[in-house]
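What follows is one structure encoded as structure tokens, with my remarks underneath.
Just so you know, these numbers use all the heavy atoms, side chains as well, and skip hydrogens, waters and symmetry mates. Throughout, numbering of the chain's residues begins at 1 and tracks the sequence. As the structure lists them, so they are numbered: ligands from 1, and atoms in each ligand from 1. All figures in this text were calculated on a predicted structure; none of them were measured in a lab.
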Amino acid sequence: MVNSDTSTVGIVGAGAMGRGIAQVAATGGCNVLLYDARSEATTEAINFIGGMLDRAVEKGRMTSENADAAKARLTGADDLAAFAETDVVIEAVSEDIELKAKVFSALEQATRPDCILASNTSSLSITRLAASCDHPERVAGFHFFNPVPLMPLVEVIAGIRTDQEVIDKLVALGEIMGRTPVRVADAPGFLVNQVGRGYTLEATNLVAEGVADFAAVDRIMRDAAGFRMGPFELLDLTALDVTHPATVEIYEQSYHEPRFRPAMLMGQRMQAGLLGRKTHQGHYTYLDGKQQKPEEPDAPAFEGGTFWVEPGEDCAALQEIVRASGAELDEGDRPGADSFILITPLGTDASTHAAQAGLDPERTVAVDPLFGFAGRRTAMKTIVTRPDVMRKTHAMLASDATPVTPIQDSPGFVAQRIVAMITAIGAGVAQNRIATPDDIDRAVKLGLNYP
Ligand code: NAD
């Protein structure tokens, strides 16, 4: 039975994740037994959690009575024999399938037959882990995010042979622990880590193709698309020696699903030791832990010009920008002989779009309409746009002080491509019945902080 008054939760592994899970379980009202192969690790974790609860009291987020009660519910265990009466055990040892299989085998001996055995693994198959157990139906994934007390999401993962009742009980336990649980079927990267591939992989591919540089992609994704962090800032934070191997693992486990194909550039940069913040050099340089932002080049000075905007949904808004800049607006049905041409393609590159519309590609510049023109404007050349056309268009678009990022031709600019990749992977998760559309939205907002 899982309820906060009676549940006893065992946790194996008192590292970064185990201690966070122990904290939210104890705060939620569960009795918690914490075990680590290194007994000092258990003591350190219990002291650490005590410190976190004291801080919560100081900051007024918790009463001292509740903090004391949570501390009293937390006990260190000397060995797994102490887990004989636990209702649920959450395994959070290092990410190694052989090690986890050994721990699960020991847990099968140490616990009651109706005790649920859950793993916090980020990347290993729950089905495979369960297959090494005598009773795979009581094995599930219970995937928390780091740092646990601040990350409200938990993925509850059913392996092929997991009992539905086990999943229901873990969902209830997740709620007791103050988390938002989502139900996920076992799949490479589960839900969040699968969808998260899209952001960093497509961004790296864009740079490898020469469409834009790291800083330009980050600026577009933050200012135009509204993401909290650019993909390369994020990669520097998580570190390439974590993200790249995880991507390779998801690609292998999915039998080479093309959407998860690892980016060669990411692998090379990892091999070069450009791991991110922790090595002080990633896609950015870090001095005393502070990111050194490359300066954004100034927009060219306004030179006027006559601009014609291709008819369509975003025509009026772009025409308004042209008028407001003081440049001349060509209102003809087709562009005049000397007019510069503005197009707003969705999903196609500027060169193809201009060719299909019978527009002079040397005078054409595409502007990304997908997220509107307010935060940042992306100006994309065709393969033959004249430099003076690109310069004057950039200046006109920047005349109201909205930043503009010029890029090379690419089907879907930068933001369209990256968001389309994330969406395609999310749709695949739904289509493959890994999670429901509602849970996908919830998980991506809470687990990845996407807008
Ligand atoms: P960690 O290295 O901080 O902690 C692992 C702990 O397990 C250590 O204290 C170690 O002494 C202990 N341990 C090793 N073998 C043991 C055994 N046989 N019995 C008992 N304890 C043992 O690792 P972590 O970052 O807390 O990760 C733990 C698990 O959580 C991994 O499966 C990882 O993939 C997953 N995870 C990690 C994160 C993250 O961001 N760190 C996020 C989600 C999930």
Side-chain angles (χ1 to χ4, degrees), residues 10-25 32-49 52 76-83 86 89-111 117-126 128-130 132 139-157 174 177 179 181-182 184 186 188-194 196 234-235 237-243 245-250 253 275-278 443 446-449:
I11 296 172
V12 191
M17 295 306 289
R19 59 181 63 181
I21 299 168
Q23 182 181 329
V24 297
V32 180
L33 282 171
L34 184 59
Y35 168 73
D36 197 286
R38 277 192 322 114
S39 59
E40 319 85 81
T42 311
T43 315
E44 281 164 27
I46 290 179
N47 291 338
F48 177 86
I49 296 167
M52 295 296 282
D78 295 331
D79 52 38
L80 293 183
F83 285 31
T86 49
V89 177
I90 304 166
E91 167 278 310
V93 305
S94 324
E95 192 75 337
D96 171 340
I97 183 93
E98 308 291 331
L99 174 66
K100 286 189 194 277
K102 270 194 207 143
V103 169
F104 270 77
S105 164
L107 284 172
E108 286 202 297
Q109 303 305 316
T111 56
L117 304 182
S119 175
N120 184 50
T121 178
S122 299
S123 63
L124 302 171
S125 158
I126 298 301
R128 190 171 156 211
L129 198 59
S132 68
V139 176
F142 206 26
H143 184 218
F144 292 82
F145 294 80
N146 191 18
V148 180
L150 298 182
M151 296 292 287
L153 186 72
V154 61
E155 294 179 318
V156 180
I157 302 137
M177 292 163 94
R179 310 295 95 188
V182 288
V184 183
D186 195 14
F190 311 130
L191 191 178
V192 166
N193 283 343
Q194 191 173 131
L234 178 65
L235 282 170
L237 189 69
T238 52
L240 286 193
D241 61 338
V242 174
T243 306
T247 306
V248 171
E249 184 64 30
I250 290 174
Q253 280 186 31
L275 303 185
R277 278 179 184 270
K278 70 181 182 190
L446 294 177
L448 296 169
N449 276 323

Decide yes or no for [X] and [Y]: does some side-chain heavy atom of the first lie under 4.5 Å from some side-chain heavy atom of the second?
X    : Y    : result
N193 : E155 : no
I21  : M177 : yes
V148 : M17  : yes

Just wondering, are more than 12 heavy atoms of other shown residues or ligands nearer than 6.0 Å to CD in E98? no
Greater than 12 external heavy atoms within 6.0 Å of R277's CZ: yes
On the 0 to 90° scale, with breaks at 30° and 60°, tag the H143-F145 ring pair as parallel, tilted or perpendicular. tilted
Numbering as shown, the atoms of ligand 1 that approach [X] to under 4.0 Å (heavy-atom distance):
X    : answer
H143 : 43 (C), 44 (C)
V12  : 19 (N), 20 (C)
N146 : 39 (C), 40 (O), 41 (N)
G15  : 3 (O), 4 (O), 6 (C), 9 (O), 26 (O)
K100 : 31 (C), 32 (O)
V103 : 18 (N)
T121 : 32 (O)
L99  : 15 (N), 18 (N)

Go through the side-chain N and O atoms of [X] and [Y] and say whether any donor and acceptor fall under 3.5 Å apart.
X    : Y    : answer
T111 : T86  : no
S123 : E95  : yes
S125 : D186 : yes

Specify the protein heavy atom at minimum distance from [atom]: its residue, its atom name, and the distance to 0.1 Å.
atom                    : answer
atom 35 (C) of ligand 1 : N120 O, 3.4 Å
atom 36 (N) of ligand 1 : S122 OG, 3.2 Å
atom 2 (O) of ligand 1  : S94 OG, 4.4 Å

So, regarding [X] and ligand 1 (criterion: nitrogen or oxygen to nitrogen or oxygen, under 3.5 Å), is there a contact or not?
X   : value
A37 : yes
M17 : yes
A16 : yes
D36 : yes

For V93, which part has a heavy atom under 4.0 Å from ligand 1: side chain, backbone, both, or neither? both
At under 4.0 Å between heavy atoms, is it the side chain or the backbone of F145 that contacts ligand 1, or both, or neither?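 None of F145 does.
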I'd like to check atom 23 (O) of ligand 1 in this structure: does the protein have a heavy atom lying under 4.0 Å from it?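 Within 4.0 Å: no protein heavy atom nearby.
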Main-chain N/O of [Y] paired to [X] side chain as donor or acceptor, under 3.5 Å:
X    : Y    : result
T247 : T243 : yes
N120 : A92  : no
Q194 : F190 : yes

Which one of E44, E95, E40 has a non-hydrogen atom at the shortest distance from atom 33 (C) of ligand 1? E95
